[in-house]
Chemist: 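Pasting a structure here, questions to come.
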Amino acid sequence: MKTRLIFLLLFSVTLCAQSQQSLIPRPESCVLGSGTFVLGDNPVVECADAGLRGMADSLQAQLRSLGFPGGQKSGQITCRVQNSVEGQDESYRIVVKENKAMLEASSRTGLFRAGQTFLQMLRAGNGKVRACRIDDAPRYGWRGFMVDESRHFFGKEKILQYLDIMAALKMNVFHWHLTDEPGWRIEIKRYPKLTAQGAVGNWHDAGAPARFYTQDDIREIVAYAQARHIMVVPEFDMPGHATAVCRAYPEVSGGGEGRWKHFTFHPCKAETYDFIGNILDELFRLFPSPYIHIGGDEVHFGNQTWFTDAEIQRFIEENKLVNETGLEHYFLRRVADMVARKGRKVIVWDEAIDAGISPEKAVIMWWRHDRKHQLLKALEKGYRVIMTPRRPLYADFNQDASHKYGRVWDGYNAMENVYAFPEPVLHLARGYEKQLMGLQMSLWTERIADAKRLDYMAFPRLAAVAEDAWTPETGKDFSRFMQRLPLFLDYLDGLGVYYYNPFNPSATPEPAGPQKAAAEQ
Ligand code: ACM
């Protein structure tokens with residue numbers, strides 16, 4: 001009996017210590033103390049500031065729904081926002097003592113992040129947390145996740161679930177790729193054909209029924225994200241990747257050829273810019289983010305008509321734009337100016353570095369991993385940069401050598417490579433560290449047609465990206481991360497998310513990706 005008691009005691013101390021040791025992302029500092037906090041029946045989150053009541057109530061509801069066996073009084077939980085916590089806006093402190101937990105931060109966002117840490121510790125410790133003091137702050141301000149819903153559409157429930165998981169991982173930007181060749185996915189009141197026609201089809205089936213988000217859906221998703229202190233940044237890709245728009249409104253099409261038919265906006269017509277301006281106005285009403293992503297990538301795929309169209313050639317000459325690339329840059333500058341006049345900034349893929357947009361008006365998203373000089377060039381030109389290089393941060397790449405349906409390019413994106421980022425490129429940014437806004441995982445969906453495969457490609461790699469973006473280099477260690485990962489996998493199990501299990505790959509076979517009809521390749 002005595003031995004059993006000692007064992008139980010030791011076991012519960014280990015559990016409590018584990019609850020801090022299982023945190024993803026790993027906090028900046030965690031010092032263990034003595035004593036234990038126990039989450040008992042009907043925990044109450046106290047806060048003196050009436051302005052925090054909503055947040056405290058929401059944390060309280062989540063604590064109550066954890067569902068650990070009760071039978072005893074809960075420890076006291078207090079939260080407050082005050083100025084004594086130094087550092088960035090999202091920093092926070094948690095002090096846990098015998099049956100007392102204090103969550104404090106210098107901002108509401110910091111307090112929200114503290115709540116997520118506290119929930120994670122309780123989940124890991126089965127309702128118990130060993131006394132500790134955690135001081136934490138993010139490494140980067142941009143900790144993003146991009147999902148492409150133009151190639152395939154996954155719908156509101158999946159996106160809301162991803163926002164919950166992002167919040168748990170302290171990620172703070174959802175980049176939503178909503179427009180591209182296969183489909184336009186946003187209801188725009190002024191241009192109903194964008195959804196009636198532009199939302200028809202997906203990457204593997206050009207005739208698939210229209211799928212898109214209504215403006216009410218978007219408002220709901222943006223509010224859901226805001227409650228989790230996540231910013232939603234929509235992408236309206238232009239002047240290329242505009243096929244779905246140009247299919248619906250050929251009067252703004254700038255042509256394209258073969259596989260890339262109708263790929264571009266018409267770059268010279270005043271009508272094109274009016275059309276884009278009207279869409280932007282509706283987007284700005286839906287998305288409060290200070291940023292809008294306007295793409296700017298891969299225009300050369302489908303701008304063949306620009307080389308032969310007499311009106312376009314005359315425009316290049318009259319405006320001294322030199323050539324078609326000059327015209328592409330003119331287009332991007334003109335739209336960046338329109339966006340700046342509305343008080344927002346554009347985000348552009350790294351092709352746009354040479355477009356001559358003022359760094360006050362644009363942020364560069366570096367994606368071409370094989371063109372590392374683009375990262376340095378963007379920094380030298382004074383741009384702030386978000387890093388999402390294909391290798392290792394594109395999640396449509398395979399994560400294991402045995403996988404068949406994802407992308408491969410000089411290798412694949414194994415968890416270990418994802419976790420190693422951004423250290424391998426940081427030497428390029430030496431002296432420009434302040435211009436690095438952060439990093440994101442980008443999940444393109446040409447090879448992903450259903451939610452099961454979407455989950456499989458996102459997880460668990462998103463956890464590694466979250467730690468890359470939050471935890472300072474000195475706190476990162478891959479083998480320790482892998483030791484912490486099983487508790488995150490348990491959390492995914494609870495949500496019904498199908499993931500790749502790196503500890504037992506054969507138990508989680510790869511779901512097949514879509515095949516395109518031969519005629520469409
Ligand atoms: C991209 O992957 N085309 C940004």
Side-chain angles (χ1 to χ4, degrees), residues 142 144-152 173-185 202-203 233-245 256 259-260 262-265 291-303 325 328-329 331-332 335-336 346-355 357 362-375 377-378 383-398 406-413 417-418 421-422 425 437-448 454 457-458 461-462 465 513:
W142 185 288
F145 180 32
M146 189 212 82
V147 177
D148 166 13
E149 287 206 88
S150 174
R151 272 42 178 258
H152 289 101
V173 184
F174 179 57
H175 167 185
W176 208 1
H177 189 83
L178 287 167
T179 77
D180 217 302
E181 304 123 62
W184 173 278
R185 309 291 180 205
N202 61 36
W203 184 84
V233 177
E235 180 173 351
F236 170 10
D237 206 342
M238 61 180 94
H241 289 285
T243 320
V245 185
R259 184 182 161 200
W260 308 104
H262 277 318
F263 186 73
T264 62
F265 275 112
Y291 303 103
I292 176 146
H293 203 310
I294 60 160
D297 55 325
E298 297 173 327
V299 181
H300 65 278
F301 280 7
N303 68 349
T325 306
E328 177 183 326
H329 292 164
F331 178 100
L332 291 169
V335 176
V346 295
I347 300 177
V348 277
W349 298 108
D350 68 58
E351 285 91 330
I353 292 172
D354 295 316
I357 309 172
V363 169
I364 302 292
M365 205 167 248
W366 174 57
W367 67 282
R368 292 180 296 177
H369 71 284
D370 52 335
R371 297 185 189 213
K372 294 201 173 44
H373 57 278
Q374 290 290 98
L375 169 61
K377 192 170 176 189
Y383 289 109
R384 288 178 303 146
V385 176
I386 299 153
M387 300 177 284
T388 183
R390 284 174 288 217
R391 300 279 328 273
L393 295 190
Y394 272 18
D396 57 336
F397 278 67
N398 284 336
R407 288 172 77 188
V408 171
W409 177 334
D410 204 11
Y412 54 93
N413 290 340
N417 307 118
V418 176
F421 198 79
V425 301
M437 290 173 73
L439 52 94
Q440 76 175 30
M441 186 165 109
S442 297
L443 182 47
W444 301 98
T445 59
E446 284 92 339
R447 291 150 197 259
I448 302 170
L454 191 77
M457 299 307 274
R461 288 183 291 189
L462 193 67
V465 175

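Indexing begins at 1, ligand by ligand and atom by atom, following the structure's order.
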Chemist: Do any N/O atoms on His241 end up under 3.5 angstrom from N/O atoms on ligand 1?
Modeler: no
Chemist: Is a side-chain donor-acceptor pair under 3.5 Å present for Glu351 with Trp367?
Modeler: yes
Chemist: Test of understanding: given a 4.0 Å heavy-atom threshold, classify the contact between Met365 and ligand 1 as side chain, backbone, both, or neither.
Modeler: neither
Chemist: So His241 and Trp260, would you call those rings parallel, tilted or perpendicular, with 30° and 60° as cut-offs?
Modeler: perpendicular
Chemist: Side chain or backbone, does Tyr394 bring an N or O within less than 3.5 Å of an N or O on ligand 1?
Modeler: yes
Chemist: Could you walk me through whether Phe331 and Met238 pass the side chain to side chain contact (heavy atoms under 4.5 Å, CB included) test, one step at a time?
Modeler: CA-CA 9 Å; Phe331 178 100; Met238 61 180 94; 3.7 Å; yes
Chemist: Partners of Phe145 by ring pair (Phe, Tyr, Trp, His ring centres under 6.0 Å), sequence neighbours excluded?
Modeler: Tyr162
Chemist: Where is the nearest protein heavy atom to atom 3 (N) of ligand 1: which residue, which atom, and how far?
Modeler: Asp297 OD2, 2.8 Å
Chemist: Kindly confirm or rule out an N or O of Trp367 lying under 3.5 angstrom from an N or O of ligand 1.
Modeler: no
Chemist: Which atoms from ligand 1 have a heavy atom of Trp444 less than 4.0 Å away?
Modeler: 1 (C), 2 (O), 4 (C)
Chemist: Crowded around Asp370 CG? As in, over 12 foreign heavy atoms under 6.0 Å?
Modeler: yes
Chemist: For the pair Arg368 and Asp350, find out whether any cationic side-chain nitrogen is under 4.0 Å from an anionic carboxylate oxygen.
Modeler: yes
Chemist: Give the numbers and elements of all ligand 1 atoms closer than 4.0 Å to a heavy atom of Glu298.
Modeler: 3 (N)
